Amino acid sequence: MSTHTLPDLPYAYDALEPFISRQIMELHHKKHHQTYVNALNAAEASYAKSSTPRERIALQAALKFNGGGHINHSLFWKNLAPASSEGKGNGGSLKAGPLKDAIVEAFGSLDALKKEFNATTAGIQGSGWGWLGLNPSTKRLEIATTANQDPLLTHIPIIGVDIWEHAFYLQYLNVKVDYLNAIWSVINFEEAEKRFTEGLTSSKL
């Protein structure tokens with residue numbers, strides 16, 4: 001059985017500053033995501049050794065939580081890029097193309113998407129994730145949320161934003177809205193468009 005490993009970040013830990021600090025990125029990647037990877041590997045090893053349905057059922061929560069944490073964070077890192085507003089990269093820059101067209105069709109404008117996404121995501125009780133997802137039936141973009149580390153299973157994930165306190169507290173304290181406003185400056189819309197175009201032609205979630 002292959003084991004899961006922590007993926008490398010596609011940029012330096014300080015590359016998303018000033019919007020997400022180096023300290024947050026290091027802790028979030030090296031500590032939090034690594035913990036999900038380690039716990040997922042342990043749960044899968046226990047599952048492989050389990051011999052009864054009772055034992056397997058007892059491991060479901062650990063598999064879901066840590067597996068979701070690994071899936072979501074692996075997507076989240078690629079979802080981000082150094083900010084174009086800081087002259088560092090392509091973060092925050094939505095160019096003309098199929099994703100922009102779909103955003104305008106579904107929400108009217110990028111600003112309208114940001115406003116609705118931030119309001120919906122800020123309303124999550126406790127910890128969770130805000131998502132821009134592609135509805136596989138209608139092929140339209142929709143906003144969704146998931147609790148805890150649950151992965152998005154109803155839609156194809158295009159953009160995911162971690163709203164766990166470990167993602168922002170050291171920099172934004174308890175002001176989720178400031179973090180949500182800031183993160184759009186480092187959203188990698190090129191990666192999002194790649195997922196969107198792949199999702200249009202794929203039948204898999």
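All values derive from a computational prediction rather than experimental measurement.
For the residue pair Ala144 and Leu152, the shortest heavy atom distance occurs at CB-CD1, 3.9 Å. The minimum heavy-atom distance linking Pro18 with Gln171 is given by the pair O-NE2, 2.8 Å. Residue Trp164 comes nearest to Asp162 through the heavy atom pair N-OD1, 2.9 Å, listed as atom of the first residue, atom of the second, then distance. Residue Ile124 comes nearest to Gly130 through the heavy atom pair CD1-N, 4.2 Å, listed as atom of the first residue, atom of the second, then distance. Taking each heavy atom of Leu134 and Ile158 in turn, the nearest pair found is N-CG1, 3.8 Å. The shortest heavy-atom contact between Gln149 and Phe65 is CB-O, 3.4 Å.
Residues Val177 and Ile20 do not share a hydrophobic cluster, defined by chaining ILVMFWY side chains whose heavy atoms lie under 4.5 Å apart. Under the 4.5 Å side-chain heavy-atom criterion for grouping Ile, Leu, Val, Met, Phe, Trp and Tyr, Tyr172 is connected to Val161 within one hydrophobic cluster. Linking Ile, Leu, Val, Met, Phe, Trp and Tyr residues whenever their side-chain heavy atoms come within less than 4.5 Å places Met25 and Leu170 in a single cluster. Hydrophobic clustering (ILVMFWY, side-chain heavy atoms < 4.5 Å, transitive): Leu180 and Phe189 are in one cluster.
The hydrophobic cluster containing Leu63 also includes Leu40, Tyr47, Leu59, under a criterion of side-chain heavy atoms closer than 4.5 Å among ILVMFWY residues, counted directly or through chains of members. Grouped by direct or indirect side-chain proximity (heavy atoms under 4.5 Å, Ile/Leu/Val/Met/Phe/Trp/Tyr only), Tyr169 sits with Leu173.
Distance check, rounded to the nearest 0.5 Å: CG of Leu132 to CD1 of Ile156 gives 11.5 Å. Distance CD1/Ile24 to NE2/His32: 10.0 Å, rounded to 0.5 Å. Separation of atoms OG (Ser93) and CG (Asn188) is listed at 10.0 Å; rounding is to 0.5 Å. With rounding to the nearest 0.5 angstrom, the OG atom of Ser185 is 11.5 Å from the CG atom of Leu80.
Not a single donor-acceptor pair under 3.5 Å links the side chain of Lys176 to the backbone N or O of Thr121. Between the side chain of Glu165 and the main chain of Asn174, no donor-acceptor pair closer than 3.5 Å is present.
Put simply, the side chain of Thr197 does not reach to within 4.5 Å of the side chain of Thr201, judged on heavy atoms. Within the 4.5 Å cutoff, no side-chain heavy atoms of Asn90 are placed close to those of Ser84. With contacts defined as side-chain heavy-atom distances shorter than 4.5 Å, the pair Lys49/Glu55 does not qualify. In this structure the side chain of Ile183 never reaches within 4.5 angstrom of the side chain of Leu16, judged on heavy atoms.
Ring planes of His33 and His73: tilted class, angle from 30 to 60°. A perpendicular orientation is assigned to the rings of Phe117 and Trp184, their planes being inclined by more than 60° (bins at 30° and 60°).
Listed by chain and residue number, His70 satisfy the ring pair (Phe, Tyr, Trp, His ring centres under 6.0 Å) test with His4 (two or more places apart in sequence, or in another chain).
For Phe76 and His28, the gap between ring centers is short of 6.0 Å.
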Side-chain donor-acceptor contacts of residues 94-111 below 3.5 Å, not counting sequence neighbours, with atom names and distances?
residue, atom, partner, partner atom, Å
Glu105, OE2, Arg140, NH1, 3.1
Ser109, OG, Ala112, N, 3.0

Under 3.5 Å, which donor-acceptor pairs do the side chains of residues 6-15 form with other protein atoms, sequence neighbours left out?
residue, atom, partner, partner atom, Å
Tyr11, OH, Trp77, O, 2.7
Tyr13, OH, His29, ND1, 2.8

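Checking each of Thr146, Thr145, Thr120 against Trp131 for a side chain to side chain donor-acceptor pair (under 3.5 Å) leaves exactly one that passes, namely Thr146. With Arg195 as reference, Glu191 is the one residue of Glu191, Glu193, Glu198 to meet the salt bridge (Lys or Arg N to Asp or Glu O under 4.0 Å) rule.
For NZ of Lys114, the number of neighbouring non-hydrogen atoms (other residues, nucleotides, ligands) closer than 6.0 Å is greater than 12.
Every pair passing salt bridge (Lys or Arg N to Asp or Glu O under 4.0 Å) that includes a residue from residues 61-75 is listed here, sequence neighbours excluded: Lys64-Asp150.
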